[in-house]
Trainee: 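What follows is a single structure, and I will ask about it in a moment.
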Amino acid sequence: MKLGTLAACLSLALGASAFAQTTTLKIGYATTKESHYGVGSTVFCDEVEKGTQGRYKCQHFPNSALGGEREQIEAIQLGTQDLVNTSTGPVGNFVPEVKIVDIPFLFRDYDHARKVMDGPIGQDILAKFPSKGIIALGWTENGFRHMTNSKRDIVKPSDAAGLKMRTMENKVHMDGYRTFGILPTPMAFPELFGALQQGTVDGQENPIPVILSSKFSQVQNHLSLTAHVYSPALLLLSPKVWNKLSDADKKVFLEAAKKAGAAQRKKVNEDENNGIAQLEKDGMKVTRKVDGDAFRAALKPAYAGYAKEFGADNIKKISDVQ
Ligand code: EAX
């Protein structure tokens, strides 16, 4: 049999797609494959694989296997990593326009936050990424952040005062938390469990899905439902990959990111609904009644700084979204 005939027979037998090349994309995130980040990332990758008839698929690197979020974003810029599903924690250091959504007590609730992200304000922010060498495919979600510590219940800022707390590498957060009297200690997430275990810091703050999946109940016994800041997340892609995609494939990636965002939010909802009872079972003392007004009042001086940096009118535009 001639070689050409053989190839024709094979392609008939295997289907033409068997000859199309498969590109495996590396996707990283901070928490487990079962957590909100894992759920969102899995939906994204499944949709991309389906929509490109298997020409693109993913290899998952959960549990910060590719490093902290800042490192992973740098790798996206360099093109040594393809995808990251990351909180906005360190993102403002790359794309300053993101910082405004990290302001504490800016969002009233999940509905408000999601509406802003899905609306023109959130979408305009995504458009700022390409000039910094990053493609933002869409918003996912980390959740409202709550405080945990090993010393005491936190009801009001004076209870938090004096506590050494790990924060993300995020100046907007740190400026705000200082007004609560907290001593902020910025640290990459992969170092956090050990720091809590060794008592290098007294506490930390993260959404319920992170506290749950990272098993912080093993090293922290007080949880206060402070919901002091919304923690958005993003699905970021390396331009090295994006620039090779056809227009049709670009659409597939963007649609997949939308579905990923929806799935990730759904998992955040589930963890908010069921996870707090689980953490209590795991031995955490949960403070549900928090004096939100006292926290907001304490923040006043920080808000003066935010108004200067971001424009009071821009902050108001976000607060005014109904
Ligand atoms: O994105 O660094 C953090 O506290 C983040 O919330 C966590 O890594 C998930």
Side-chain angles (χ1 to χ4, degrees), residues 15-30 37-62 64-101 117-142 169 232-264:
S17 67
F19 287 98
Q21 227 185 329
T22 298
T23 304
T24 302
L25 304 172
K26 288 188 201 164
I27 183 164
Y29 40 90
Y37 281 109
V39 167
S41 301
T42 300
V43 166
F44 174 78
C45 295
D46 287 351
E47 289 295 319
V48 162
E49 194 171 343
K50 249 198 289 169
T52 63
Q53 295 80 43
R55 283 177 288 109
Y56 287 93
K57 63 176 194 186
C58 297
Q59 185 180 3
H60 288 252
F61 293 87
S64 310
L66 298 177
E69 292 181 332
R70 183 173 49 76
E71 291 170 280
Q72 293 193 64
I73 298 162
E74 280 165 3
I76 295 284
Q77 282 182 320
L78 290 170
T80 53
Q81 181 175 335
D82 305 304
L83 289 151
V84 64
N85 196 343
T86 177
S87 78
T88 53
V91 178
N93 300 322
F94 297 83
V95 183
E97 287 86 351
V98 174
K99 289 190 203 169
I100 193 168
V101 293
M117 297 305 153
D118 295 343
I121 297 172
Q123 299 306 302
D124 282 353
I125 295 175
L126 299 182
K128 306 295 182 200
F129 281 71
S131 69
K132 308 292 177 193
I134 305 168
I135 304 298
L137 294 173
W139 293 104
T140 57
E141 186 171 78
N142 197 15
E169 296 155 285
L234 289 151
L235 201 50
L236 304 179
L237 174 74
S238 173
K240 215 174 161 186
V241 177
W242 181 252
N243 293 336
K244 277 193 269 188
L245 296 179
S246 67
D247 285 352
D249 283 351
K250 281 180 180 167
K251 251 190 219 144
V252 169
F253 275 58
L254 291 171
E255 273 309 305
K258 260 193 203 139
K259 289 197 177 147
Q264 197 158 321

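Only a predicted model underlies this, so the values are computations on that prediction, with no experimental measurement involved.
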Trainee: Using the rule given for side chain to side chain contact (heavy atoms under 4.5 Å, CB included), can you reason through Val101 versus Met117, listing the C-alpha separation, both sets of side-chain angles and the distance that settles it, and then say yes or no?
Mentor: CA-CA 9 Å; Val101 293; Met117 297 305 153; 3.7 Å; yes

Trainee: Side chain to side chain contact (heavy atoms under 4.5 Å, CB included), that's the test. Do Thr24 and Cys58 meet it? Break it down for me.
Mentor: CA-CA 5 Å; Thr24 302; Cys58 297; 5.9 Å; no

Trainee: Atom CG of Asp124 and atom CG of Leu126: how far apart are they, to the nearest 0.5 Å?
Mentor: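 Here the interatomic distance stands at 9.0 Å.
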
Trainee: Could you list the residues that satisfy ring pair (Phe, Tyr, Trp, His ring centres under 6.0 Å) with Phe129, not counting sequence neighbours?
Mentor: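 Checked Phe129 against ring pair (Phe, Tyr, Trp, His ring centres under 6.0 Å); zero matches.
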
Trainee: List the atom pairs, donor and acceptor, that lie under 3.5 Å between side-chain atoms in residues 240-248 and the rest of the protein, sequence neighbours left out.
Mentor:
residue : atom : partner : partner atom : Å
Asn243  : ND2  : Pro239  : O            : 3.1
Ser246  : OG   : Asp249  : N            : 3.1

Trainee: Determine, stepwise, if the pair Lys57 / Thr22 fulfils side chain to side chain contact (heavy atoms under 4.5 Å, CB included).
Mentor: CA-CA 7 Å; Lys57 63 176 194 186; Thr22 298; 3.8 Å; yes

Trainee: Quick one: ring pair (Phe, Tyr, Trp, His ring centres under 6.0 Å) partners of Tyr29, sequence neighbours excluded?
Mentor: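 Residues passing ring pair (Phe, Tyr, Trp, His ring centres under 6.0 Å) with Tyr29: His60.
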
Trainee: To the nearest 0.5 angstrom, please state how far the OG1 atom of Thr140 sits from the CG atom of Leu236.
Mentor: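 These two atoms lie 8.5 Å from each other.
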
Trainee: Just checking Lys251: does its NZ atom have more than 12 heavy atoms from other residues, nucleotides or ligands closer to it than 6.0 angstrom?
Mentor: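 Incorrect, the count does not exceed 12.
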
Trainee: Of all the heavy-atom pairs spanning Ile27 and Cys45, show the shortest one and how long it is.
Mentor: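 What the structure gives for the nearest pair is CG2-SG, 4.1 Å.
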
Trainee: Under the side chain to side chain contact (heavy atoms under 4.5 Å, CB included) rule, what do Val252 and Lys50 come out as? Steps first, then yes or no, please.
Mentor: CA-CA 9 Å; Val252 169; Lys50 249 198 289 169; over 6 Å; no

Trainee: For Asp118, which residues count as a salt bridge (charged side-chain N to carboxylate O under 4.0 Å, His left out) partner, sequence neighbours excluded?
Mentor: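 Asp118 satisfies salt bridge (charged side-chain N to carboxylate O under 4.0 Å, His left out) with Arg265 once adjacent residues are dropped.
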
Trainee: Tell me every residue that passes side-chain contact (heavy atoms from CB on, under 4.5 Å) with Lys259, counting only those two or more places apart in sequence or in another chain.
Mentor: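 Lys259 satisfies side-chain contact (heavy atoms from CB on, under 4.5 Å) with Val43, Glu47 only.
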
Trainee: Could you give the distance from OG1 (Thr23) to CG (Leu25), rounded to the nearest 0.5 Å?
Mentor: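 That separation rounds to 6.5 Å.
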
Trainee: Nearest 0.5 Å, what's the CG-CG distance between Leu237 and Leu137?
Mentor: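 With rounding to 0.5 Å, CG (Leu237) is 5.0 Å from CG (Leu137).
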
Trainee: Give the minimum heavy-atom separation between Gly138 and Ala257, together with the two atoms involved.
Mentor: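 In terms of heavy atoms, the two residues are closest at N-CB, 4.3 Å.
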
Trainee: Are any side-chain N or O atoms of Trp139 and backbone N or O atoms of Gly122, one a donor and one an acceptor, separated by less than 3.5 Å?
Mentor: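 Yes, because the side chain of Trp139 sits within donor-acceptor range (under 3.5 Å) of the backbone of Gly122.
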
Trainee: Could you tabulate the donor-acceptor pairs under 3.5 Å formed by side-chain atoms of residues 66-79, not counting sequence neighbours?
Mentor:
residue : atom : partner : partner atom : Å
Glu69   : OE1  : Thr86   : OG1          : 3.4
Glu69   : OE1  : Ser87   : OG           : 2.7
Glu69   : OE2  : Ser87   : N            : 3.2
Arg70   : NE   : Glu169  : OE2          : 3.2
Glu71   : OE1  : Gly68   : N            : 2.8
Gln72   : OE1  : Gln81   : NE2          : 2.8
Gln72   : NE2  : Gly67   : O            : 3.0
Gln77   : NE2  : Lys132  : O            : 2.8

Trainee: Can you tell me how far apart CD (Gln264) and OG1 (Thr42) are? Round to the nearest 0.5 Å.
Mentor: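 Answer rounded to 0.5 Å: 10.0 Å.
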
Trainee: Does Glu97 have any salt bridge (charged side-chain N to carboxylate O under 4.0 Å, His left out) partners at least two apart in sequence or in another chain, and if so, which?
Mentor: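 Checked Glu97 against salt bridge (charged side-chain N to carboxylate O under 4.0 Å, His left out); zero matches.
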
Trainee: Using every non-hydrogen atom in the two residues, find where Ala260 and Gly40 come nearest and quote the distance to one decimal.
Mentor: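 Shortest heavy-atom contact: CB-O, 3.2 Å.
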
Trainee: From Ile121 CD1 over to Ile100 CD1, what is the distance, rounded to the nearest 0.5 angstrom?
Mentor: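 If we round to the nearest 0.5 Å, Ile121:CD1 and Ile100:CD1 are 8.0 Å apart.
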
Trainee: With sequence neighbours excluded, what pairs up with Lys26 under the side-chain contact (heavy atoms from CB on, under 4.5 Å) test?
Mentor: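 side-chain contact (heavy atoms from CB on, under 4.5 Å) list for Lys26, sorted by chain: Phe61, Asp82.
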
